[in-house]
Amino acid sequence: MSEFELLDPSGVPLPGGAGSGSDAGAAEDPLTAGLNPQQRRAVEARGPALLIVAGAGSGKTRVLTHRIAQLIRNREAWPSQILAITFTNKAASEMRERVQELLGDATEGMWISTFHSACVRILRRESERFGYVSGFTIYDSADSRALLKRIIRETEADSYGFTPANTSGKISRLKNELQDAAGYAATANEADPRERIFVEIFHEYEQQLRRANAFDFDDLIGQTVHLFRAHPDVAAVYQRRFRHLLVDEYQDTNHAQYALIRELTRPVDADLADRLVPPVRPAELDASGGIPAASLTVVGDSDQSIYAFRGADIRNIVEFERDFPGAEVVKLEQNYRSTQNILSAANAVIASNFDRQEKNLWTAEGAGERIVGFTGYSQHDEARFVAEEIEDLRRSGAAYGDIAVFYRTNSQTRALEELLIRSAVPYRVLGGTKFYERAEIKDAMAYLTSLANPYDPIAWSRLLGAPKRGIGPMAEAQLANFQEGRGISFHEAMLRAEEIGFGPKVLGSITGLGELLSRAARMAAGGGAALEPGGAVADAEKPPAPVAEVLKLILDETQMIEKLRAKRDPQDEARAENLEELVAVAREFDVRNPGAGLLEFLTEVSLVAAADDLDDRSGTVSLMTLHTAKGLEFPAVFITGVEEGLLPHQMSVDEVGGVNEERRLMYVGITRARERLYLTLASTRASYGDIGVAMPSRFLQEIPEELIDWRQSPGEVTARAGGSGGSGSRALNAPREGRPTRSGAGRGADSAVSFGRGSGAAAVGEPASGNMQSALERWRERKRLAKEAQDSGGGFPNLIGAAVRDNGDLELAPGDRIRHDDYGEGRVTGVTGEGSKRVAHAVFDSVGERKLLIKLSPITKIE
DNA sequence: ATTCGCCGGTGAGCG
DNA sequence: ACCGGCGAAT
């Protein structure tokens with residue numbers, strides 16, 4: 001798509017068009033109908049700058065999309081003059097869809113994208129301005145670390161405690177502050193050898209990126225800013241084009257992103273405006289003969305800023321009015337998501353942060369259920385409560401997909417997963433290993449990257465050893481030296497390997513691989529031409545081969561898939577399937593973008609991969625970290641591990657503002673819940689192999705007592721645990737009291753809760769279909785199935801652990817009596833499922849109905 | 001002489 | 001679960 005077409009030739013927008021909503025009087029504007037007064041104001045305000053302070057669940061996406069739609073519909077702007085920026089690809093595609101619903105095809109030419117995609121588009125067009133060519137590759141954090149690892153080894157900096165991880169973190173932070181190596185060197189303390197070495201590493205890293213014709217992820221933003229600052233004429237093109245800039249999640253912007261916004265919203269002075277191509281029309285100019293600054297709309301909630309650790313600067317939103325004089329502020333406080341009890345808890349928690357703009361969420365929908373609190377004796381006990389409660393919710397009408405379980409750290413999933421498996425609750429973990437981070441996928445992608453950028457040493461070095469073909473570090477180093485000495489590409493160096501002098505076997509490997517790469521490169525480029533600097537593809541060329549075919553060629557010739565299949569490890573079968581899935585992803589890309597080349601594919605992948613945000617929640621409970629939960633909502637939410645040291649996390653308490661950020665994280669978690677909220681913790685928690693005593697989180701004390709219905713309060717647990725000693729916990733919590741089970745009065749209300757409204761899909765919004773995501777979703781599903789098979793097949797070391805029990809051959813039939821370690825005696829009412837996934841349905845004398853995975857549950861049959 | 005594959009130590013906050 | 005180090009295989 002030629003996203004860079006110029007203004008619609010038919011004219012120039014009328015500055016400050018109508019849209020006051022009062023025209024005609026009778027028919028209400030459909031774009032503002034049904035909005036509350038604040039929302040309406042946020043749609044209709046027209047000034048140089050607008051800050052929409054949007055509390056959780058206050059309908060900000062609606063406001064933003066309606067605002068865009070109104071600008072277009074009222075002819076205040078052409079679609080091509082709109083730039084809307086989000087943080088994730090998912091948010092971008094959701095917004096695009098919703099604008100399309102409002103406007104139909106009139107969205108053509110609009111940029112709705114993430115910061116990173118927008119910058120890539122700009123950089124690809126302009127990169128030759130500063131010594132890169134358009135076919136640059138984008139290094140993800142693993143690539144950066146691979147590069148840094150080499151640099152650290154070469155500079156022998158490891159003895160000073162430099163590791164790829166900590167160095168890349170520091171460089172990333174600096175880049176987010178728009179610092180480069182030279183700038184940092186100027187302020188660094190020369191007397192400190194560590195500082196000197198760091199400067200050397202940083203500098204070398206910059207050099208090598210440039211030589212590799214590569215950008216790291218942070219560069220995408222930072223280099224765009226540098227480009228604009230160094231080349232005002234280039235900046236003017238974009239300043240002129242984008243008349244309306246809209247930025248979502250503004251509280252998450254870092255300094256570089258802020259600077260980018262500043263650059264894009266500068267006016268163009270008369271001198272530069274004069275030289276623009278195509279020439280400016282009088283209507284575009286202001287009185288001084290320049291082009292006025294674009295209007296800026298930002299949406300955010302400083303209470304949901306949880307990304308300070310990766311550079312987000314909360315000051316950007318706090319100081320917005322100072323930064324952009326004449327800015328109007330609109331606050332959206334009415335919440336359309338949660339019950340009042342949930343909101344009151346959220347308000348109470350966040351109120352303890354002193355440095356915030358006053359904001360109070362409220363709803364017209366009523367109090368709803370009380371929040372449920374539970375303290376387990378151990379994380380195991382806590383997890384069991386979660387599993388049981390999920391089944392109770394199910395029985396009162398909730399679907400598994402309506403339920404989410406949040407935790408602070410990924411390590412907490414272990415106990416949860418174990419209990420969910422045993423209770424036969426279908427679940428999936430969001431945000432685990434990403435598709436594109438898997439080794440085999442990165443291997444295959446390295447080939448494609450190297451084709452697009454034969455000077456990229458990271459990609460090349462990776463593909464040499466994948467699959468193993470007898471080319472080790474020694475051969476690699478010699479080749480690299482040869483390549484650098486001659487100033488030729490890695491591919492050419494391989495073809496000329498005989499000039500270096502290798503043994504016959506290695507030489508054969510190298511030249512064979514070199515030939516394969518050349519062949520694939522010709523195929524990918526089409527018509528024999530390499531990808532040219534400038535990115536200008538001459539139309540006369542033969543079109544490049546579909547990406548999938550290039551990929552197939554490589555996979556076939558290297559026999560990567562066959563070699564994986566030949567191994568006995570069942571994990572390798574999954575890896576082979578992942579590679580096949582990658583071919584499917586490429587195929588879909590080809591269908592979607594006919595004629596597009598490898599470069600577009602690589603770009604899309606690197607941008608999607610960074611925020612691999614798939615979201616298919618059909619029929620399974622969702623497990624995720626609190627960070628991942630941002631932006632989502634669920635009818636029922638469990639926040640687990642609400643303990644000191646975990647939430648707030650131990651590491652945060654020493655950081656300035658750390659606890660405040662943790663509090664915002666808690667706030668984000670609470671406000672994800674629509675109807676039911678559970679806060680759970682354990683009084684002891686295993687960490688590092690030791691078992692430590694855990695204290696209830698300070699955040700719990702901040703919630704008014706009357707909002708929480710403690711099924712088992714922290715007090716009860718510590719008091720009793722103290723009396724019974726360590727190993728008593730299991731006996732104590734067996735048939736639990738303090739939990740008025742099914743028949744109790746407290747439970748009656750539960751069944752009255754309706755989970756019907758907004759069931760599942762409507763709540764979050766379906767992910768965009770028909771794009772790269774759909775292939776990924778299938779992969780996700782496959783991964784889940786593979787895991788399931790593995791789990792029940794027994795070979796999953798980390799999950800069930802050494803204490804795995806195996807009742808695989810236990811035969812149960814309705815009517816059998818069984819004894820369960822925790823629930824006591826019960827009667828089997830039915831058995832479903834097959835093989836290792838057989839599930840017993842049983843009624844226990846103490847706790848009532850339960851589902852149990854026969855293979856793993858601690859049960860025995862009573863004869 | 002290199003490269004491969006296995007073993008055991010070490011270490012896990014969030015994207 | 002990741003890596004670096006060592007011995008075995010080529």
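Reminder, nothing fancy here: chain letters follow the sequence lines and each chain counts from 1.
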With side chain to side chain contact (heavy atoms under 4.5 Å, CB included) as the test, would you mind laying out the steps for Met445(A) and Arg462(A) before giving the verdict?
CA-CA 10 Å; Met445(A) 292 299 295; Arg462(A) 178 160 198 126; over 6 Å; no
Does a donor on one side chain sit under 3.5 Å from an acceptor on the other, for Ser509(A) and Arg469(A)?
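Note: Ser509(A) and Arg469(A) side chains miss the donor-acceptor criterion.
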Does [N] have OP1 or OP2 sitting under 4.0 Å from an N or O in the side chain of [X]?
X: Thr625(A); N: dG15(B); answer: yes
X: Asn410(A); N: dG13(B); answer: no
X: Ser141(A); N: dG15(B); answer: no

Under 3.5 Å, which N/O atoms of the protein pair with N/O atoms of nucleotides 5-10 of chain C?
| residue | atom | partner | partner atom | Å |
| --- | --- | --- | --- | --- |
| dT10(C) | O3' | Lys505(A) | NZ | 3.2 |

Answer yes or no as to whether dC14(B) has its base stacked against Phe309(A), where stacking requires a ring-centre separation under 5.5 angstrom and planes under 30 degrees apart.
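So Phe309(A) counts as stacking on the base.
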Of the nucleotides [options], which one has an atom closest to the side chain of [X]?
X: Arg408(A); options: dG5(B), dG15(B), dG13(B); answer: dG13(B)
X: Tyr307(A); options: dG13(B), dG15(B), dG5(B); answer: dG15(B)
X: Met651(A); options: dC14(B), dG13(B), dG4(C); answer: dG13(B)

What is the separation between atom [atom1] on [X] and atom [atom2] on [N], rounded to the nearest whole Å?
X: Lys90(A); N: dG15(B); atom1: NZ; atom2: C1'; result: 15 Å
X: Met666(A); N: dG13(B); atom1: CE; atom2: C1'; result: 17 Å
X: His649(A); N: dA12(B); atom1: NE2; atom2: P; result: 11 Å
X: Asn254(A); N: dC14(B); atom1: CG; atom2: P; result: 20 Å
X: Asn166(A); N: dG13(B); atom1: CG; atom2: P; result: 14 Å
X: Arg663(A); N: dC14(B); atom1: CZ; atom2: P; result: 21 Å

For [X], answer base if it contacts any base atom (sugar-phosphate contacts may also be present), sugar-phosphate if it contacts only those atoms, and nothing otherwise; contact means non-hydrogen atoms under 4.0 Å.
X: Lys149(A); answer: sugar-phosphate
X: Glu476(A); answer: nothing
X: Arg469(A); answer: sugar-phosphate

When the nearest nucleotide of DNA chain B is assigned to Lys468(A) and to Ser652(A) on a heavy-atom basis, which residue is associated with the more 5' position?
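Nearest nucleotide further toward 5': that of Lys468(A).
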Most 5' of Glu662(A) and Ile471(A) on DNA chain B, judged by nearest nucleotide:
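Residue closer to the 5' terminus by nearest nucleotide: Ile471(A).
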Note, Phe638(A) side chain near Tyr407(A) side chain (heavy atom, < 4.5 Å)
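They are not in contact (no side-chain heavy atoms under 4.5 Å apart), so the answer is no.
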